[in-house]
Amino acid sequence: MKILVTGGAGFIGSNYILFMLQTFPDVQITNVDKLTYAGNLENLSAIECKDSYCSRYRFIKGDIVDRILIDNLLSQGFDAVINFAAESHVDRSIEEAGIFIRTNVLGTQILLEGIKKYKVGRFIQISTDEVYGSLGPEGKFTEESYLKPNSPYSASKAGADLICRAYFKTFSLPVIITRCSNNYGPYQFPEKVIPLFITNAIENIPLPLYGDGLNIRDWIYVEDHCRAIDLVLRKGKVGEIYNIGGNCERTNITITQMILEKLNKPKTLITFVKDRPGHDRRYAIAADKIEKEIGWKPAHSFETGIDKTITWYLNNKSWWEKIKSGEYRNYYHQMYGNRSSL
Ligand code: NAD
Ligand code: TDX
């Protein structure tokens, strides 16, 4: 199977490429990535320039908004395109929304035009549970829930989902959308809460918890998400949406305390800071459809997933120390300097 992966140098995309190439000897992957601040070819060092993979893996530095590049690439013939490429951080979308609309909405539409022209077999849009907005204390998001995005990030992802739907309805393109909950695991950029808090705790730096710390996310270990995407690619029905969730709701404070306990660090490192504007209170995913129709279930509990993740960050300090001491340092100081303690 010949697959074009977009955004494969980011967190989930790189985990997906490693999973696919290491699991299926018949899979060939081309990875197109713009290498924004979040793209890192070190995530793929297990396969980049390795003889055993060089006939099955190719990297191209490029932007999905570049029509000529995408047209050129898709003219080479692919069985599937998996679109991970995105601006993915909610806080950044609050600071500067334009790039989110450009990449997440326009980029998706440009890919769809190429799918139409070159008759690619499948287009999987990697979306998010955040398109559904926020839940109260009860209930879960189903595939039928209304789209009520609250941040510029989630609005841009909802916009991309609607463009996908339109290209399926109007042009019968073979589009499938997946909407997954919060991922964690190796190679996650340390601006997201779990890697930020693990690495801050290791460095004895305060852990900035937004608001009252009682917001709830449904956590999934990234490898479980990658396995779900593979199954959707092989068994999913065109035109359908599949929710993917870890069945693992936790408050942010619970996760923070767990990370500190596991690293044997004091709770005094927790610093409550000003809340994120428009902060979604609770996400919870009903994943019954993918479980019943495709036979997928998450294999990791939060306990096993977080242990693996903490061990990975302890064993890969040079990966994240390089990021935290580079350009990201300025972002961090600007971002958290503005959120002084409550
Ligand atoms: P990430 O920020 O780690 O990676 C995004 C990748 O896309 C980077 O490698 C970046 O260089 C690349 N990219 C950005 N703009 C591009 C462009 N214009 N052209 C080509 N490449 C570009 O993000 P992630 O956490 O790996 O998320 C991947 C996808 O999964 C996103 O679409 C995101 O919305 C979705 N998602 C993420 C989560 C999560 O918890 N992280 C949950 C559900 C869905
Ligand atoms: O410093 C922090 N302190 C804090 O309390 C950060 C960065 C976050 N938080 C809170 C905000 C959220 O309630 O932790 C929770 C998780 O925050 P993020 O890691 O930024 O993730 P979230 O905003 O939930 O979005 C993530 O999941 C869905 C991804 O970034 C998205 O790409 C994905 O679609």
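Note that this is a predicted model, so its numbers are computed, not measured. In each ligand, atom 1 is the first atom listed, and ligand 1 is the first ligand listed.
- Scanning all heavy atoms of the two residues, the minimum distance from Glu291 to Pro298 falls at OE2-CD, 4.4 Å.
- Nearest to atom 26 (C) of ligand 2 by heavy atom, out of Glu130, Met335, Arg281, Arg179, is Glu130.
- Note: Phe24 and Phe19 have perpendicular aromatic rings, judged against thresholds of 30 and 60 degrees for the angle between ring planes.
- Within 4.0 Å of ligand 1, heavy atoms belong to protein residues Gly7, Ala9, Gly10, Phe11, Ile12, Asp33, Lys34, Leu35, Thr36, Ala38, Gly39, Gly62, Asp63, Ile64, Phe84, Ala85, Ala86, Ser88, Thr103, Ile126, Ser127, Thr128, Tyr153, Lys157, Cys180, Ser181, Asn182, Asn183.
- Within the listing of ligand 2, atoms 1 (O), 3 (N) sit less than 4.0 angstrom from a heavy atom of Phe197.
- Per-residue contacts place Val90 under 4.0 angstrom from the following atoms of ligand 2 (heavy atoms of the residue considered): 23 (O).
- Which parts of ligand 2 touch Asn252 is read off a 4.0 Å heavy-atom cut-off, strictly below it: atoms 10 (C), 12 (C), 13 (O), 14 (O), 15 (C).
- With sequence neighbours excluded, no residue satisfies salt bridge (Lys or Arg N to Asp or Glu O under 4.0 Å) with Glu95.
- Taking a cut-off of under 4.0 Å to the non-hydrogen atoms of His279, the atoms of ligand 2 that pass are 11 (C), 12 (C), 13 (O).
- Close approach of ligand 2 to Arg217 is summarised as follows: ligand atoms under 4.0 Å from at least one heavy atom of the residue are 12 (C), 13 (O), 24 (O).
- In this structure, the protein non-hydrogen atom closest to atom 16 (C) of ligand 2 is Val193 CG1, 3.6 Å.
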Indicate every side-chain donor-acceptor pair of residues 119-130 with a distance under 3.5 Å to a residue at least two apart or in another chain.
{"residue": "Gln125", "atom": "OE1", "partner": "Asn83", "partner atom": "ND2", "Å": "2.9"}
{"residue": "Ser127", "atom": "OG", "partner": "Asp161", "partner atom": "OD1", "Å": "3.0"}
{"residue": "Ser127", "atom": "OG", "partner": "Asp161", "partner atom": "OD2", "Å": "2.8"}
{"residue": "Thr128", "atom": "OG1", "partner": "Glu130", "partner atom": "N", "Å": "3.0"}
{"residue": "Glu130", "atom": "OE1", "partner": "Tyr283", "partner atom": "OH", "Å": "3.4"}

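- Residue contact check: His89 has heavy atoms under 4.0 Å from atoms 20 (O) of ligand 2.
- Residue contact check: Leu209 has heavy atoms under 4.0 Å from atoms 5 (O) of ligand 2.
- Between Tyr184 and Phe302, the distance separating the two ring centers is shorter than 6.0 angstrom.
- Among protein heavy atoms, the minimum distance from atom 33 (C) of ligand 2 is reached at Tyr153 OH, 3.5 Å.
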Could you pull out all donor-acceptor pairs under 3.5 Å where a side-chain atom in residues 70-78 meets a protein atom, sequence neighbours excluded?
{"residue": "Asp71", "atom": "OD1", "partner": "Tyr118", "partner atom": "OH", "Å": "2.8"}
{"residue": "Asp71", "atom": "OD2", "partner": "Lys117", "partner atom": "NZ", "Å": "2.8"}
{"residue": "Asp71", "atom": "OD2", "partner": "Tyr118", "partner atom": "OH", "Å": "3.3"}
{"residue": "Ser75", "atom": "OG", "partner": "Asn72", "partner atom": "O", "Å": "2.6"}
{"residue": "Gln76", "atom": "OE1", "partner": "Arg58", "partner atom": "NH1", "Å": "3.4"}
{"residue": "Gln76", "atom": "OE1", "partner": "Arg58", "partner atom": "NH2", "Å": "2.8"}

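- Atoms of ligand 2 lying under 4.0 Å from at least one heavy atom of Ser88, given by number and element, are 29 (C), 30 (O), 31 (C), 32 (O).
- Of all protein heavy atoms, the one closest to atom 7 (C) of ligand 2 is Glu191 O, 3.3 Å.
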